[in-house]
Amino acid sequence: MSITTRFAPSPTGYLHIGGARTALFSWLLAKNKGGHFLLRVEDTDRERSTKEATDAIIQAMAWLDLAAEGTAVFQSERFDIYNSHIDKLLENGHAYWCECTPEQVEAMREKARAEGKKPKYDGRCRERGLGPGAGRVVRFKTPQDGVTAFHDMVKGPTAVQNAEMDDMILRRGDGSPTYNLAVVVDDHEMGVTHVLRGDDHVANTPRQILLYQAFGWDVPDFGHVPMILGPDKAKLSKRHGALSVMEYKNMGYLPEALVNYLARLGWSHGDQEIFSRAELVELFSTGHLGNSPSVFDIKKLEWLNAHYIKEAAPERLAALLPEFITEPEGLKLDPAYLASIVPLLQQRAKTLVEMAEMARFFLLPTDRLVYDEKAVADQLKPEARQLLTELLPLYEAAGDDSDHKALEAATQAFLDERDLKFKAVAQPLRVALTGKTASPGLFETMCVLGKGESLARIKRALAL
RNA sequence: GUCCCCAUCGUCUAGCCUGGUCCAGGACGACGGCCUUUCACGCCGUUAACAGGGGUUCAAAUCCCCUUGGGGACGCCA
């Protein structure tokens, strides 16, 4: 039998790391079983939900390649459906009208807290047989004894005393449905068979199961994924830095690196660290989801990103690079040129931001190349200048399409004649070509720059 | 406060269900080395954990209990 999973974010902000991970796990669970993955936007709270957030979430999921099937379900468009279901519960005696005000309920909770008990609504309208009325809410008649149990896909057998739960509100005073009601109705109507969500929802699960039972519906399988923590082991939050998935995009991470990292955070398959998307789909199972919270480690993400940068096609990276280049005016940014630079940087850059910085000296026209003062002072001393001057005709004589090996051989021969070590010219030449003391291989760099540009740079350096 | 959950190297984790093959394996990081025209890559090595205490057992990281520590939930938010 085919399964259906879903991701159900609330559009009150961007897609954050934790949400992205549950979306990924839900997506993987569906794909692993050849099932369906759906998206539902939980925007019943009109105050806090925005169109921008909805778009941002969908965009982030697309970036991670976690697209859902069909079009998203918007809860805000389904209030009539929820209300008709609430009516059914009212009719079959599983729900009742309550006229207590928020203040009164708060007072009850305070009282319970003061007595050292769990703060709950005390059920005082439960048997009053009230009908509809302005400002009145509909509450669920939670069984007062017994246990609600379920088998969590991640945590295993789980049970909650019904007495721990109070009579939750299903319909607010303004007529809008609440989260638990809407979720149950939608999951049922969307045919959701497996619900994978954050740990913070565990307490909702028994309430929702009670609703399924009141409706007489099949209960889906539930799984609760532990949270992601910051380096201080507290819940991951803004003060830990980037939370939004798209911020990682902007920091130069590749989507496959983030996906691999997230997959491995809380899930494992033996000792394997690197997973292609196909492997993830094939190997994923909820049985190997961990059940303790994990700390987000940017260093490991960086390592994975470096790995995927090395593996990526240069053309793809070249296409992504321009948006990371600061002050691009007057820079040489044509795709073919960028694609020739990228292979020299793939072994060196951990992010596209770094790659863009490293690429900069390639992109600047000769007259705008920035020479590091200390590098010039240290490396372009008179003897070094003399050598570069003598080297110039050698490079001028080289063919336009000389490969880097030929250039290196020519340089080596020049040095051999003078009984000099390679080191005698390496750093001076590097500074002349790049303005810096650190760069990709000299001759590869010269080949990418081209003969004309390389010569011009050496000449400019000699004139400094 | 009440209820629930969790607990292996600094971090992610394997192992735990089905006790012995674990003086606990892998990876990231850190540190050291090799390679080397710089920076990187790569390669090699070092570092470092079963939270504590009781049981059960011939044998416990693995099972049970307690303690401690951490987290979550208790909304007319989702």
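Chain letters run A, B, ... following the sequence lines, proteins first and then strands; every chain starts at 1. Quick note: numbers below take in every heavy atom, side chains included, and nothing from hydrogens, waters or symmetry partners.
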*Have a look at A/Thr437 and say if it touches a base, only the backbone sugar-phosphate, or nothing, with a 4.0 Å heavy-atom cut-off.*
base
_With rounding to the closest Å, how many angstrom separate the C1' atoms on B/G42 and B/A59?_
44 Å
*Expressed as a whole number of Å, how far does the C1' atom of B/A51 sit from that of B/G33?*
35 Å
*Testing A/Asn305, A/Ile274, A/Leu265 for side chain to side chain contact (heavy atoms under 4.5 Å, CB included) with A/Asn260, which one passes?*
A/Ile274
*asked:* Return the pairing partner of B/A59 with a 3.5 Å limit on both distances, Watson-Crick or G-U wobble; otherwise return none.
replied: none
_Using a 4.0 Å heavy-atom cut-off, does A/Ala203 contact any base of the nucleic acid, only the sugar-phosphate backbone, or nothing at all?_
sugar-phosphate
*May I ask you to say whether A/Asp187 pairs ionically with A/Arg40, meaning some side-chain N is under 4.0 Å from a carboxylate O?*
yes
_Say we look at B/C35 and B/C44: how far apart would their C1' atoms be, to the nearest angstrom?_
11 Å
_Euclidean distance for P, B/C12 against B/G71 (whole angstrom)_ = 14 Å
*Assign A/Arg109 to base, sugar-phosphate, or nothing according to its heavy-atom contacts below 4.0 angstrom with the strands shown.*
sugar-phosphate
*Looking across every strand, which nucleic acid part, if any, lies under 4.0 Å from A/Cys98 by heavy atom: base, sugar-phosphate, or nothing?*
nothing
*Can you figure out which of B/C12, B/C28, B/A78 approaches the side chain of A/Trp303 most closely?*
B/C28
*Starting at atom CG of A/Asp297, determine the distance to atom P of B/G26, rounded to an integer number of angstrom.*
19 Å
*Would you mind classifying the nucleic acid contact of A/Asn180 as base, sugar-phosphate or nothing, using non-hydrogen atoms under 4.0 angstrom?*
nothing
*asked:* For the P atoms, the ones on B/C63 and on B/G15, what distance do you get once it is rounded to whole angstrom?
replied: 13 Å
*Look at A/Arg109 together with A/Glu106 and state whether they make a salt bridge at an N to O cut-off of under 4.0 Å.*
yes
*Which of the following nucleotides, B/C28, B/C76, B/A73, is nearest to the side chain of A/Lys300?*
B/C28
*Is there a Watson-Crick or G-U wobble partner for B/U18 with both distances under 3.5 Å, and if so, which one is it?*
none
*Would you mind classifying the nucleic acid contact of A/Lys155 as base, sugar-phosphate or nothing, using non-hydrogen atoms under 4.0 angstrom?*
sugar-phosphate
_For A/Tyr121, does the six-membered ring have the charged nitrogen or CZ of A/Arg139 within the cation-pi criterion, i.e. under 6.0 angstrom from the centroid and within 45° of the normal?_
yes
*Could you let me know what B/A48 is paired to, Watson-Crick or G-U wobble, both distances under 3.5 Å, or none if it's on its own?*
none
_Donor/acceptor link under 3.5 angstrom from A/Asp200 side chain onto base of B/G72_ = no
_4.5 Å side-chain heavy-atom contact, A/Met446 and A/Tyr395_ = yes
*Reckon A/Lys310 touches a base, only the sugar-phosphate, or nothing at all at heavy-atom distances under 4.0 Å?*
sugar-phosphate
*Assign A/Gly173 to base, sugar-phosphate, or nothing according to its heavy-atom contacts below 4.0 angstrom with the strands shown.*
base
*Describe the nucleic acid contact of A/His201 in one word from base, sugar-phosphate, nothing, applying a heavy-atom distance below 4.0 Å.*
base
*Donor on one side chain, acceptor on other, A/Glu408 and A/Gln412, under 3.5 Å*: no
*Counting only Watson-Crick or G-U wobble pairs whose two distances fall under 3.5 Å, which nucleotide matches B/C76?*
none
*What is the pairing partner of B/A27, taking Watson-Crick or G-U wobble pairs with both distances under 3.5 Å in any strand?*
B/U11
*Reckon A/Glu273 touches a base, only the sugar-phosphate, or nothing at all at heavy-atom distances under 4.0 Å?*
base
*asked:* Just the rounded figure in Å: distance from C1' of B/C41 to CG of A/Leu345.
replied: 12 Å
*Heavy atoms under 4.0 Å, any strand shown: does A/Thr434 hit a base, just sugar-phosphate, or nothing?*
nothing
*asked:* What contact category does A/Ser439 fall into here, base, sugar-phosphate, or nothing, at under 4.0 angstrom with non-hydrogen atoms?
replied: base
*With the threshold set at 4.0 Å, does a side-chain nitrogen-carboxylate oxygen contact exist between A/Lys120 and A/Glu164?*
no
*C1' spacing across the pair B/U18 / B/A61, given as an integer number of angstrom*: 16 Å
_Gap in Å between the two P atoms, one belonging to B/C22 and one to B/C17, rounded_ = 16 Å
*For A/Met358, which contact category applies under a 4.0 Å heavy-atom criterion: base, sugar-phosphate, or nothing?*
nothing
_I'd like to know if A/Asp199 reaches the base of B/A73 with its side chain such that a donor and an acceptor end up less than 3.5 angstrom apart._
no
*Reckon A/Leu442 touches a base, only the sugar-phosphate, or nothing at all at heavy-atom distances under 4.0 Å?*
base
*Pick the P atom in B/A27 and in B/U46, then give their distance to the nearest Å.*
12 Å
*Out of B/C12, B/G26, B/U37, which has the shortest distance to the side chain of A/Asp271?*
B/G26
